[in-house]
Amino acid sequence: MSTTTASDAKRKAPAGERVADWADGRLGIYGLAKANMRKIFPDHWSFMLGEICLYSFLIIILTGVYLTLFFHPSMNEIEYHGSYVPMQGIRMTEAYASTLDISFDVRGGLLIRQIHHWAAVIFLAGMFVHMMRVFFTGAFRKPREINWLFGFLLFVLGMFTGFTGYSLPDDLLSGTGVRFTQGAILSMPIVGTYISMFLFGGEFPGHDIIARFYSIHILLLPGIMLGLVVAHLILVFYHKHTQFPGPGRTNKNVVGMPLLPVYMAKAGGFFFLVFGVIAIISALFTINPIWALGPYRPDQVSTGAQPDWYMGFAEGLVRVMPGWEINLWGHTLVLGVLIPLTVFAVMLALIALYPFIESWITGDKREHHLLDRPRNAPTRTALGVAWVTAYMIMLIGGGNDIVATHFHLSLNAISWFVRIAFFVGPVVAFIVTKRICLGLQRRDKDKVLHGRESGIIKRLPHGEFVEIHEPLSQAQLHALTAHEQYQPAEIGPTVDENGVERKPSRTQRLRAKLSKGYYAEGNQIPKATVEEYKEITSGHGHH
């Protein structure tokens, strides 16, 4: 029989340490934490955009769990006798009635509804701006192409999750949106009617769509998005974080703060800041007041029915497209809906595949962990601004009735403006943006060679007035000259050493042409060289 001595009792570790040792022996937590908790993250304000997306997604999950406890996803019709007096005696679905109960009878229900909806809007807005930051700085390049696809899928799935979410209350606004979606489905040749019958369980509106949207909204789409978020964060850890060029920063290191304790403390505080801002917005600004719209009826349409902003682009394409139809082999093709949705799908596909397209054009297969300044990639930056311009123009088209009533304009005039601007606006934005980027490159080159303007005017002995330029620091010089400049791809000689003519393929010619559009003369300003800098600073021919 063994006994425990007093000295053994004194050497016994605290309870918390014993639990940690027990867990580490089975899960290897200590080794995992030691390898990752001191991981370095760079400190730049633009990296907080991704954190806003993550924190708003967590808020969506937390508030969504609360709302599921009280929502009834049923299309069975009942007569309302709740506490909202203007609606008493009106027939509505159980889904709409339960949403009214959440808003007026459940303690804190309306605030949670508001937080849930505002967090969804902010999540998608954050994703939009975050992806633009990644695009304009070139953070999508190797080895982060897959992470770009994950982010793109998160944005697209977020759009559909938002659509299914605001459709659940079965109010007149969301019902109009579902009706629009059904029309888009029916425009699909051959299979459209089958998909519609399957989705709605019969003729529109059927009796199953709310229950099906409910399952998709709380289980299927959030589950996929949660997996993508985890995969996205794992790849961020694995590839290490990108950083802007600066002294001591290379493709092989990261300059910043450790994850624990500095970064985690800042991230924790930022989470509560984001939560607080969303809560304040939700308390002060009403969104989706379903009691002012009434329950959905197939024979009615709500005045000023508008989708959330992230669906405005597709809505705008459909609204401004002429109502063309053609009949082929006994089938009617509704081109007024089919063409806009095809354009929308093609644009989404180009966004998803852009990292691979640019890599093919440049022929660059190296890893990149340093970011570009947008001005140093003028063609890419111009393409991004052109796309944002097209998006904003179509957003006006998606709300053409609201714009017409608020600004007392003709609805047809707005539609024609959007039709023309959709083709002209992006081209103008591309040209202007590219010229601005090239102008900024020239300014950077001048600063490197001549220094920074000091604002001090000096009169020379012969009477000439000149401005004194202050030389830049080594850190500033590095920031302005650290970027790489590619040479455009060449097709090469079409005749080999034996005199045999080689005919370049169409793919080779296309790649060479696109490469010139990115990097040929006139598409980037050669950065200052060491020889030019030495000649200027030596004073030859300069004051």
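Side chains are part of it too, since the values below use all heavy atoms of this structure and drop only hydrogens, waters and symmetry mates. Positions are given from 1 along the sequence.
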Practice prompt. Decide yes or no on side-chain contact (heavy atoms from CB on, under 4.5 Å) for L157 and M159, but give the supporting numbers first.
Written response: CA-CA 5 Å; L157 291 176; M159 291 170 56; over 6 Å; no
Practice prompt. Test L333 against W324 for side-chain contact (heavy atoms from CB on, under 4.5 Å), laying out the working first.
Written response: CA-CA 9 Å; L333 296 182; W324 296 342; over 6 Å; no
Discussion item. For a side-chain contact (heavy atoms from CB on, under 4.5 Å) check, start with the C-alpha distance between F41 and M257, then their side-chain angles and the critical distance, and finish with the verdict.
Written reply: CA-CA 5 Å; F41 279 84; M257 300 175 299; over 6 Å; no
Item to complete: Could you check F344 against V318 for side-chain contact (heavy atoms from CB on, under 4.5 Å), going step by step and ending with a plain yes or no?
Response: CA-CA 10 Å; F344 183 58; V318 173; over 6 Å; no
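Contact record, Y519 with Q487: CB-C, 4.4 Å, taken as the closest heavy-atom pair. Summarising the geometry of P378 relative to L438, their closest heavy-atom pair is CG-CD2, 4.1 Å, with the distance given to 0.1 Å. Between A184 and L341, the shortest heavy-atom contact is CB-CD1, 3.4 Å. Closest heavy-atom contact between G158 and F123: CA-CE2, 4.4 Å. Taking all atoms of both residues into account, the shortest heavy-atom contact from W148 to P355 is CD1-CG, 3.3 Å. Counting all heavy atoms, side chain and backbone alike, A386 lies closest to P426 at CB-O, 3.4 Å.
Taking CG of N147 as the reference point, atom CZ of F150 lies at 7.0 Å (rounded to 0.5 Å). Rounded to the nearest 0.5 Å, atoms OG (S56) and CE (M127) are 9.5 Å apart. The CG atom of L154 sits 11.5 Å away from the CG atom of L221 when rounded to the nearest 0.5 Å. With rounding to the nearest 0.5 angstrom, the CD1 atom of I224 is 8.5 Å from the OG1 atom of T161. Distance CD1/I216 to OG/S167: 10.5 Å, rounded to 0.5 Å. To the nearest 0.5 Å, atoms CE (M132) and OG1 (T381) are separated by 11.0 Å.
For K516, the NZ atom counts as loosely surrounded, since its 6.0 Å shell holds 12 or fewer non-hydrogen atoms of other residues, nucleotides or ligands. Shown here is F237, whose CZ atom has more than 12 heavy atoms of other residues, nucleotides or ligands within 6.0 Å. Within a 6.0 Å sphere centred on CD1 of I351, heavy atoms belonging to other residues, nucleotides or ligands number more than 12.
A distance of 6.0 Å or more separates the ring centres of F356 and W360. F128 and Y310 have their aromatic ring centers separated by at least 6.0 angstrom.
Under the ring-ring contact (aromatic ring centres under 6.0 Å, His included) criterion, Y354 pairs with F135, F140, sequence neighbours left out. Remark: F465 pairs with I457, R459 by the side chain to side chain contact (heavy atoms under 4.5 Å, CB included) rule, at least two apart or across chains. Listed by chain and residue number, A475, Q476 satisfy the side chain to side chain contact (heavy atoms under 4.5 Å, CB included) test with S473 (two or more places apart in sequence, or in another chain). Judged as a side-chain hydrogen bond (donor to acceptor under 3.5 Å, both in side chains), and not counting sequence neighbours, R443 has no contacts. Under the side-chain hydrogen bond (donor to acceptor under 3.5 Å, both in side chains) criterion, T250 pairs with N253, sequence neighbours left out. A search for side chain to side chain contact (heavy atoms under 4.5 Å, CB included) contacts involving M188 returns V191, I195, not counting sequence neighbours. With sequence neighbours excluded, the residues satisfying side chain to side chain contact (heavy atoms under 4.5 Å, CB included) with A482 are P245, H478. For R319, the side-chain hydrogen bond (donor to acceptor under 3.5 Å, both in side chains) partners are E315, N400, D401, not counting sequence neighbours. By the side-chain hydrogen bond (donor to acceptor under 3.5 Å, both in side chains) test, Y55 pairs with E51, sequence neighbours left out.
Looking only at distances, no side-chain donor or acceptor of S515 sits under 3.5 Å from a matching main-chain atom of R511. Side-chain atoms of T242 do not come within 3.5 Å of backbone N or O of A139 as any donor-acceptor pair. A donor-acceptor pair under 3.5 Å is formed between the side chain of T379 and the backbone N or O of G517. Formation of a donor-acceptor pair under 3.5 Å by the R144 side chain with backbone atoms of H239 is found in this model. Formation of a donor-acceptor pair under 3.5 Å by the K527 side chain with backbone atoms of T481 is found in this model. With hydrogens and angles disregarded, a donor-acceptor distance shorter than 3.5 Å links the side chain of T389 to the backbone of V385. Without hydrogens or angle criteria, H116 side chain to I60 main chain gives a donor-acceptor distance under 3.5 Å.
By the 4.5 Å heavy-atom criterion applied to side chains, W416 and R419 are counted as neighbours. Taking 4.5 Å as the limit, every side-chain heavy atom of D446 sits out of range of all side-chain heavy atoms of R442. Looking only at side-chain heavy atoms (C-beta outward), R249 and P42 stay at 4.5 Å or farther from each other. Between L335 and E325 there is no side-chain heavy-atom pair separated by less than 4.5 Å. Within the 4.5 Å cutoff, no side-chain heavy atoms of F152 are placed close to those of L353. The side-chain heavy atoms of W309 and L124, taken from C-beta on, include a pair separated by under 4.5 Å. When side chains are defined from C-beta on, Q243 counts as touching L370, because their heavy atoms get closer than 4.5 Å. Contact check for F275 versus I59: side-chain heavy atoms found under the 4.5 Å cut-off.
Judged as a salt bridge (Lys or Arg N to Asp or Glu O under 4.0 Å), the pairs with a partner in residues 251-269 (not counting sequence neighbours) are, in order, D43-K266. Every pair tested for ring pair (Phe, Tyr, Trp, His ring centres under 6.0 Å) that includes a residue from residues 417-447 fails, sequence neighbours excluded, so the list is empty. Residues in residues 369-379 take part in these salt bridge (Lys or Arg N to Asp or Glu O under 4.0 Å) pairs, two or more places apart or across chains: R141-D372, D372-R380, R373-D444, R375-D444.
In this structure, E367 does not pair ionically with K142, as no charged nitrogen and carboxylate oxygen lie closer than 4.0 Å. Between R366 and E484 there is a salt bridge, with a side-chain nitrogen of the basic residue lying less than 4.0 Å from a carboxylate oxygen of the acidic one.
Ring orientation note: the planes of H232 and H130 are nearly perpendicular, at an angle over 60° on the 30°/60° scale. H44 and F244 have tilted rings, their planes meeting at an angle from 30° to 60° on a 0 to 90° scale. Taking the six-membered ring for Trp and thresholds of 30 and 60 degrees, W387 and Y391 have ring planes inclined between 30 and 60 degrees apart.
Between the side chains of Y486 and D364, at least one donor N or O lies within less than 3.5 Å of an accepting N or O.
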